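Okay, so here's the structure we're looking at.
Chain letters run A, B, ... following the sequence lines, proteins first and then strands; every chain starts at 1. Bear in mind the structure is a predicted one, so any value in this text is a computation, not a measurement.
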Protein chains: 2
Amino acid sequence: MTQERPYAQTLTRLREAGLRPTRQRLALGRMLFEGGDRHVTAEALHEEAQKAGVSVSLATVYNTLHQFTEADLLREVVVDSSRTYFDTNIDDHHHFFIENDGALMDIAGDEITIANLPKAPDGTDIARVDVIVRLHSRPRS
Amino acid sequence: MTQERPYAQTLTRLREAGLRPTRQRLALGRMLFEGGDRHVTAEALHEEAQKAGVSVSLATVYNTLHQFTEADLLREVVVDSSRTYFDTNIDDHHHFFIENDGALMDIAGDEITIANLPKAPDGTDIARVDVIVRLHSRPRS
DNA sequence: TCAATAGTTTAGAGCGATTCTAAAGTTAAG
DNA sequence: CTTAACTTTAGAATCGCTCTAAACTATTGA
Ligand SMILES: [Mn+2]
Ligand SMILES: [Mn+2]
Ligand SMILES: [Zn+2]
Ligand SMILES: [Zn+2]
């Protein structure tokens with residue numbers, strides 16, 4: 001049901017976000033939103049587009065990822081100080097991060113229980129709570 | 001007790017880490033380890049050294065922070081995809097991060113209870129669990 | 001005390017991810 | 001259509017950080 005009319009679906013999302021459905025945005029949007037949840041870097045998405053024969057500049061990939069994030073179609077995940085990951089899962093959730101290969105995996109929000117969270121310091125509000133479970137992959141047997 | 005003989009204390013730490021107690025390492029070590037827990041960026045520590053009249057190159061600040069981290073005198077905290085923070089608190093603990101001004105504050109490890117953590121995927125081991133409570137500072141009244 | 005050696009510092013070049021600029025190309029309106 | 005608003009893009013610029021290799025310094029053991 002959520003997989004039908006994929007073309008129209010991405011188109012609608014863009015329209016609702018007030019973004020003109022350009023060739024580039026439609027192509028990137030389809031790569032991101034059709035199929036399951038994804039965690040991508042700009043570089044990786046750009047490469048994927050190239051391979052799919054979609055001509056988009058890296059600058060546009062960055063622009064688009066930021067516009068999608070701004071429109072709440074994506075969120076950023078900070079796990080590595082040298083790359084930014086964009087996440088198509090915008091629900092509250094957490095992550096496994098395999099430091100060896102940079103892979104990110106979702107942990108559903110209700111799979112982890114956080115208790116006794118101290119209250120935010122005066123003058124501040126909690127914007128989000130991120131749990132990152134850092135993993136090291138064991139050498140394959 | 002932990003604040004006495006500050007000079008000798010830093011000196012001893014360096015010796016125990018197998019690092020020659022050079023003028024630069026001693027100066028940076030004292031700035032980092034005397035007084036309470038700190039969260040610094042290389043840039044900020046470099047500036048602080050300059051202001052204290054200690055001449056150290058930025059490259060040496062980076063080298064030193066990494067060597068200290070390697071020696072378990074510091075740990076890195078990833079909260080911002082554009083800067084690396086180094087933390088003098090090497091106990092298990094978590095952080096408040098005020099996104100507006102880049103301030104980091106500790107949350108003691110036992111102040112948060114994490115329950116139902118899913119088990120690590122096959123072939124991986126948990127290296128660390130980081131909880132980052134992202135805050136937005138409310139405009140001052 | 002004083003080499004000789006191993007380890008350290010540093011200026012400056014280099015790198016990689018990301019952002020910026022401003023000119024050319026598109027889309028939406030009317 | 002025509003026009004105005006928005007978008008894309010190549011390439012330059014930025015920025016945090018790392019690398020290189022030459023100049024220093026701490027350590028060692030005659
Ligand atoms: Mn960004
Ligand atoms: Mn590092
Ligand atoms: Zn995710
Ligand atoms: Zn800390």
Check: A:T60 side chain, A:V56 main-chain N or O, donor-acceptor pair, under 3.5 Å
no

Report all interatomic pairs (protein N or O, nucleotide N or O of nucleotides 24-30 of chain C) with separations under 3.5 Å.
from, atom 1, to, atom 2, distance (Å)
C:dT27, O2, A:R20, NH1, 3.2

Any chance CG of B:D122 has more than 12 other-residue heavy atoms, nucleotides or ligands included, within less than 6.0 Å?
no

Would the B:H46 and B:Y62 ring centres measure less than 6.0 Å apart?
no

Could you please name the option among D:dG16, D:dT9, C:dT8 that lies closest to any side-chain atom of A:V56?
D:dT9

Please figure out whether A:A59 or A:S81 has its closest DNA chain D nucleotide nearer the 5' end.
A:A59

Could you run down the sub-3.5 Å N/O contacts of the protein with nucleotides 28-30 of chain D?
none

For residues A:H95 and A:Y85, establish whether the separation of their ring centroids is below 6.0 Å.
no

Is there a side-chain contact between B:H66 and the phosphate of D:dC17, meaning an N or O under 4.0 Å from OP1 or OP2?
no

Is it the case that the ring center of A:F33 lies less than 6.0 angstrom away from the ring center of A:F68?
yes

Going by the angle between their ring planes, with limits at 30° and 60°, are B:H93 and B:H39 parallel, tilted or perpendicular?
tilted

Contact under 4.0 Å: A:Y62 side-chain N or O vs C:dT18 OP1/OP2:
yes

Counting the atoms with a prime plus P, OP1 and OP2 as sugar-phosphate, which does B:T64 contact under 4.0 Å by heavy atoms, base, sugar-phosphate, or nothing?
nothing

If you link I, L, V, M, F, W and Y whenever their side-chain heavy atoms are under 4.5 Å apart, who else ends up in the same group as B:V78?
A:V78

Salt-bridge contact A:D92-A:R75 (side-chain N to carboxylate O under 4.0 Å)
no

Reckon B:T84 has a side-chain N or O less than 4.0 Å from the OP1 or OP2 of D:dG16?
no

Is the distance from OP1 or OP2 of C:dT10 to the nearest side-chain N or O of B:Q24 less than 4.0 Å?
yes

Check the phosphate of C:dT9 against B:T60, side-chain N and O only, distance under 4.0 Å to OP1 or OP2. Yes or no?
no

Closest to the 5' end of DNA chain C, once A:R83 and B:S57 are matched to their nearest nucleotides, is B:S57

Nearest-Å distance, CG (A:L65) to C1' (C:dT19)?
14 Å

Output the rounded distance in Å from CD (B:E43) to P (D:dC15).
10 Å

Report which part of the nucleic acid A:S82 touches: base, sugar-phosphate, or nothing (heavy-atom distance under 4.0 Å, all strands).
sugar-phosphate

Separation of C:dG12 atom C1' from B:L58 atom CG, nearest Å, is 12 Å

State whether the side chain of B:T88 and the backbone N or O of B:R38 hold a donor-acceptor pair below 3.5 Å, judged by distance alone.
yes

Nearest-Å distance for atom pair CG/P, residues B:L19 and C:dG7
12 Å

